[in-house]
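Treat the numbers as computed from the prediction; the structure is a model and nothing was measured.
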Amino acid sequence: RQVIHTYHWRDFWTRVGEEIRRVNPDAVVWGNAGYYAGLDSGWFESSCDWEWRDKTDWRNMAMYFLHTTLQKQPGMRLAPLYWRWGGPGWASNEPSYPNRMLAYGVNAGRPEKSAPWREGVAALEARRPWIEASARFAGYELVTDVTFSPAWWRLETDTVEAALLRRPGAEREYRLNLISYRGYGPVDENSPKPDYGRNTEVVESVVVRVDAAAMGWSESNPPVVRRETMPALPAVGAAEAVAQPFVWRDGLLECEVPLMQVRLTALVFTDRQSASGGWRESP
C-alpha cells in the first residue's frame, strides 16, 4: 500500500541543494514560503500530527519515518515539525513524536505551536532529557546491512516497530529501538495521551534476533548488551538501564525483551559496559 506522497517541490529543493553543493559545499540555504504553503515543506512538515488527527494506523507513520531517514545524506540532521504536548487548541502528539525522534535518530524540532508559553518553563524543562538525547542520537546512522527481527515491514501482524541505529566513529555501538503497539489504537485527538494507563506495565514480551556477526561480534567474542527503557513523559532523570541476557541460536544473538505500550525500549550493543549513552543521569 502507498503511504508516502511526493510532490514537485521536493524535486525543486533537491536541485537547489545539488547546485549549492556544486558552487560552495559549505553554504547553507534557508527557504520559507510567504505565499504558497507548500514551498518550504519538507517531508516532515507537520508529519507527526497525522497519527492523531487522521487516526491513521501506526505503520503509516513508521513507514514515513523509515523512508525519510533512509534518504538522509551523511552528516545531515533531520528535525521533524512539530513537537506538541498539548494546550488550548492543540492536540498532543506524544509519545509518538519523542519515541520516533530517538528511534530513528532525528533531532528534536522546536516546540512550535505546542503553546509552551501557556504551560510555562516547567513543561519544557521536563522534556529537556529527550531534547538532549536527541542531540546525540541524531548523529547516529540508520542501519540497513544487519538483519534483525521483529521487522514490521515484512510481517503485517507484527505489533512492534523497530529501527536499528549505529554510532559513527571508532567506538562500536548499536541501538535496536523497539516500540510496542499491542492493544493500541488511534484515538480522538482530544483524548488524554499518551499512555491509556498501559505504558507502565508490560503488554508483551518479544523475541529479538540479531545478526551480531554482521556487527562484528561472535559467540567467542560477544557484545555487552543492555536494555534501556525511556521514561514515560513528562519525566526528568535517567532511563531504566539493566543488563540484557541473551543466547546464541543458529548463529544469531537471541533475547526476550519485555515491552510497555507505546514506550520506547532500546537494546544497546557495545564492546564494554558503559553508562546510559546520551541520556541525562538522575539529578
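Distance check, rounded to the nearest 0.5 Å: CG of L165 to CZ of F137 gives 8.5 Å. Residue E141 holds its CD atom at 9.0 Å from OH of Y174, rounded to the nearest 0.5 Å. Going from atom CD of E204 over to atom OG1 of T159 covers 3.5 Å, rounded to the nearest 0.5 Å. Note that the CD atom of E219 and the CG atom of L252 stand 11.5 Å from one another [nearest 0.5 Å]. Atoms CD and OH, on E161 and Y181 in that order, are 4.0 Å from each other to the nearest 0.5 Å. Between the CG atom in L176 and the CZ atom in R227 there is a gap of 13.0 Å [rounded to 0.5 Å].
R100 and V106 make their closest contact through O-CG2, 4.3 Å (heavy atoms, listed as atom of the first residue, atom of the second, distance). A pairwise comparison of heavy atoms in P150 and A162 identifies O-CB, 3.6 Å as the closest pair. Shortest non-hydrogen contact noted between R263 and E240 is NH2-OE2, 3.4 Å. Considering all non-hydrogen atoms of both residues, P245 and C255 come closest at O-CB, 3.2 Å. In this structure, S180 and L259 approach most closely via the heavy-atom pair CB-CB, 3.7 Å. Closest heavy-atom contact between W130 and M101: O-CE, 3.6 Å.
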Run the side chain to side chain contact (heavy atoms under 4.5 Å, CB included) check on R166 and D145 step by step: do they pass? CA-CA 11 Å; R166 173 172 48 219; D145 56 358; 3.4 Å; yes

For the pair W152 and M63, evaluate side chain to side chain contact (heavy atoms under 4.5 Å, CB included) and give the outcome as yes or no after the intermediate values. CA-CA 10 Å; W152 56 270; M63 183 62 74; 4.1 Å; yes

Walk me through whether V268 and E173 qualify under side chain to side chain contact (heavy atoms under 4.5 Å, CB included). CA-CA 7 Å; V268 185; E173 179 186 325; 4.0 Å; yes

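No donor-acceptor distance shorter than 3.5 angstrom exists from the side chain of R175 to the backbone of G105, with no hydrogens or angles considered. Judged by distance alone, the side chain of N177 and the main-chain N or O of L264 form no donor-acceptor pair under 3.5 Å. Remark: the backbone N or O of G216 is paired with a side-chain donor or acceptor of R172 at under 3.5 angstrom. In terms of modelled atom types and a separation under 3.5 Å, the side chain of D158 and the main chain of V160 share no donor-acceptor contact. The backbone N or O of R182 lies less than 3.5 Å from a partner atom in the side chain of Q261, making a donor-acceptor pair.
Hydrophobic clustering, with ILVMFWY side chains joined whenever heavy atoms are under 4.5 angstrom apart, groups V225 together with W248. Residues W153 and L70 share a single hydrophobic cluster, defined by chaining ILVMFWY side chains whose heavy atoms lie under 4.5 Å apart. Placement of V208 and Y104 within a single hydrophobic cluster is found when ILVMFWY residues are connected by side-chain heavy-atom separations under 4.5 Å, directly or transitively. There is no path of hydrophobic side-chain contacts, each under 4.5 Å, that joins V242 to V224. Note: the hydrophobic cluster containing F65 also contains V143 (ILVMFWY, side chain heavy atoms under 4.5 Å, direct or indirect links).
Side-chain atoms of S149 and L155, non-hydrogen and from C-beta on, never get closer than 4.5 Å to each other. Contact of the T265 side chain with the M260 side chain is not registered, since no non-hydrogen atoms from C-beta on lie closer than 4.5 Å.
The closest side-chain donor-acceptor pair between W217 and D271 falls under 3.5 angstrom.
With salt bridges taken as basic N to acidic carboxylate O contacts below 4.0 Å, one links E19 and R22.
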